[in-house]
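Given the structure is predicted, the values throughout are model-derived calculations rather than measurements.
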Amino acid sequence: MTDYTREVKDAAARLNIRPEAVQTYLDAGFGARADGVERCFHTTIKPIGSACNLDCAYCYYLSKEELLNQKKNQRIKDEILERFIVEYIAAQDVEEIIFTWHGGEPTLMGLSFFQKVVELQKKHIPVGRRISNDLQTNGTLLDANWCAFLADNDFLVGLSLDGPRELHDFYRPTKRGAPSFDKVFAAARLLKQFGIPFSTLTTVNRKNARHPLDVYRFLRDEVGTHYMQFIPCVEPRQFERLAPDHLPESQLVNAESPRARPGHPMSVVTDWSVDPDDWGEFLSQVFDEWRAHDQGRIKINLFETMFAQLKGKPAMICTSSPICGKNIALENDGRVYSCDHFVYPEYQIGKLGDSSLAEMVFSLKQLEFGLNKHNSLPSECRSCAYLKLCWGECPRTRILRTREGEGNLSYLCGGWKLFYSHVLPQVLRSFAPRPELISPQSIVRKTANAV
């Protein structure tokens, strides 16, 4: 019988899992893997930090310049870049290693930077492994040279586009206040011209949420994308300096409060955050249009993951998963954070050079962060009919109280209920779903990446 340390035993009791699972996870950080354990995680890489050539009103990252003191030396150094590539590959056991380049605006690094990235990846990738690159961009700097490189090196591109001109430009001006739509739309045409696979990433905010079919039909008919991602814009007041779970007590209200709506003078969220009811209605109308005309032809992240879950498969995106923590963020100075949406000092899990990337990811701090999504669910969520689809949503949106006064209720709860109550009756007639509760304990034990 294994004798575990007091730290491991205390962590197991606190996290409601077996000591064996905790030890297995920690051992993976040092390269010792139990039978059946396969290390795999994802990193959102910020090579230029929060620097961007746009000034989007709702951006959750521009404020990191002040919070993380990024005004000087914003570009990632060559030695940090190479160290990361080496350690990122070494810390995983899967065949495909996925690099996601993000910002700010990563194309501000220039084309030569990404040429160097590809060279370093080829230099360090072992035989039998392969690398994929994703680039999330506002598209304004893409030209023929960029697209030729992206096509030649099989990059997948995520293009930020919030709908037709008047909806896109409402919150997405340049630093000088000029519209950005024309350059972004031109980028979409270039990507199609060069045969580069791309998805559109649409931030559903207070403005465009009220025009769901205008947004969807524009993306489908005029942009011609076959992959759509819809991301709800939810930012609590004081998000620039306070992580969602560090909000002051006075800012926590229940879902029925008028303050739990954007536009209220004392709202708990910013004016540009999507209204929960508008979010539910947006998804419902888009779903009806998609199901009637485009299912099987166009993929939408939120719908694809819902169908997977109803078939008893794991969620395809972290926000719909029972636990999280497998998508870390790397800043330009080498600091590593628990999640792209939790880049706050409290959630720094290490720095390249101080310890290995594997040790940071497979650490007790990150394990606790990942399991906290499940362990902190309020009673109202645990008894909800939609729990196995929603899992309490992303922890960053859990800024409300339940009717009983418990915290950690998602700001979007009402919107998700509206959507699920609308679509599930028609969906469930099509096949026999098999939603099963996924035990966080079994996931941690079987795969050390699933926190």
Side-chain angles (χ1 to χ4, degrees), residues 50 52 54-64 67 138 160-163 166-173 200-212 214-216 228-286 301-302 317-320 339-344 381 390 392-402 407-419:
S50 59
C52 190
L54 296 189
D55 195 20
C56 303
Y58 58 62
C59 182
Y60 70 101
Y61 227 80
L62 290 177
S63 58
K64 304 302 179 187
L67 182 67
N138 61 38
S160 296
L161 185 55
D162 283 357
E166 63 277 11
L167 296 178
H168 174 87
D169 283 337
F170 195 84
Y171 287 125
R172 298 184 65 83
T200 51
L201 188 151
T202 300
T203 300
V204 182
N205 52 65
R206 190 180 176 195
K207 178 72 173 179
N208 64 1
R210 297 170 181 173
H211 305 274
D214 291 339
V215 171
Y216 177 73
M228 301 181 193
Q229 300 179 66
F230 293 116
I231 310 296
C233 181
V234 179
E235 296 299 344
R237 300 279 184 184
Q238 305 178 55
F239 75 92
E240 296 90 346
R241 293 198 168 274
L242 294 177
D245 57 352
H246 285 69
L247 298 176
E249 192 75 15
S250 61
Q251 197 164 326
L252 302 179
V253 300
N254 64 41
E256 286 73 32
S257 171
R259 294 177 58 198
R261 302 281 180 170
H264 188 279
M266 296 182 66
S267 176
V268 298
V269 295
T270 57
D271 288 344
W272 53 81
S273 293
V274 63
D275 183 274
D277 288 349
D278 288 345
W279 171 244
E281 186 63 26
F282 179 94
L283 292 180
S284 297
Q285 289 195 34
V286 170
N301 63 334
L302 299 175
I317 53 178
C318 57
T319 55
S320 299
C339 173
D340 179 37
H341 284 279
F342 282 80
V343 176
Y344 296 89
C381 290
C390 170
E393 238 278 342
C394 177
R396 73 181 177 89
T397 72
R398 294 183 181 181
I399 58 175
L400 299 182
R401 292 190 186 279
T402 66
N408 284 303
L409 179 68
S410 173
Y411 168 83
L412 296 171
C413 177
W416 282 114
K417 286 180 177 178
L418 191 157
F419 169 63

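To the nearest 0.5 angstrom, D275 atom CG is 12.0 Å from N205 atom CG. The distance from the OG atom of S410 to the CZ atom of R398 is 8.0 Å, given to the nearest 0.5 Å. Atom CD1 of residue I317 and atom CD1 of residue I231 lie 7.0 Å apart, to the nearest 0.5 angstrom. Distance check: N254 CG to R401 CZ gives 9.5 Å after rounding to the nearest 0.5 Å.
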(request) Determine, stepwise, if the pair V234 / R396 fulfils side-chain contact (heavy atoms from CB on, under 4.5 Å). (result) CA-CA 8 Å; V234 179; R396 73 181 177 89; 4.1 Å; yes

(request) Run the numbers on Y344 and K64 for side-chain contact (heavy atoms from CB on, under 4.5 Å), then give the verdict. (result) CA-CA 8 Å; Y344 296 89; K64 304 302 179 187; 3.5 Å; yes

(request) Show your working on side-chain contact (heavy atoms from CB on, under 4.5 Å) between D162 and T203 and close with a plain yes or no. (result) CA-CA 6 Å; D162 283 357; T203 300; 3.9 Å; yes

(request) Show your working on side-chain contact (heavy atoms from CB on, under 4.5 Å) between L400 and V253 and close with a plain yes or no. (result) CA-CA 5 Å; L400 299 182; V253 300; 4.0 Å; yes

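Side-chain contact between Q238 and P248 is present, with at least one heavy-atom pair separated by less than 4.5 Å. With contacts defined as side-chain heavy-atom distances shorter than 4.5 Å, the pair L409/C381 qualifies. Side-chain contact between R237 and V268: absent, with no pair of heavy atoms (C-beta onward) separated by less than 4.5 Å. Taking the side chain as every heavy atom from C-beta outward, V204 and L283 never approach each other to under 4.5 Å. Looking only at side-chain heavy atoms (C-beta outward), Y411 and P262 come within less than 4.5 Å of each other. Using a 4.5 Å heavy-atom cutoff, the side chains of L67 and E240 are not in contact.
Residues G263 and D271 share a closest heavy-atom pair of N-OD1, 3.7 Å. The shortest non-hydrogen separation linking A260 to A255 is CB-O, 3.9 Å. P232 and W279 get closest at one heavy-atom pair: CD-CH2, 3.6 Å. Taking every heavy atom of both residues into account, Y58 and E235 meet most closely at O-CG, 4.3 Å. Closest heavy-atom contact between S284 and F419: OG-CA, 3.6 Å. Smallest separation of non-hydrogen atoms from L54 and N138: CG-ND2, 3.5 Å.
In this structure D55 satisfies the salt bridge (charged side-chain N to carboxylate O under 4.0 Å, His left out) test with no other residue, sequence neighbours excluded. In this structure Y216 satisfies the ring pair (Phe, Tyr, Trp, His ring centres under 6.0 Å) test with no other residue, sequence neighbours excluded. Y60 meets the ring pair (Phe, Tyr, Trp, His ring centres under 6.0 Å) test with H341; sequence neighbours excluded. Residues passing the side chain to side chain donor-acceptor pair (under 3.5 Å) test with E166, sequence neighbours excluded: none. Shown here are the salt bridge (charged side-chain N to carboxylate O under 4.0 Å, His left out) partners of R210, two or more places apart in sequence or in another chain: D278. For F342, the ring pair (Phe, Tyr, Trp, His ring centres under 6.0 Å) criterion is met by Y347, F369, not counting sequence neighbours.
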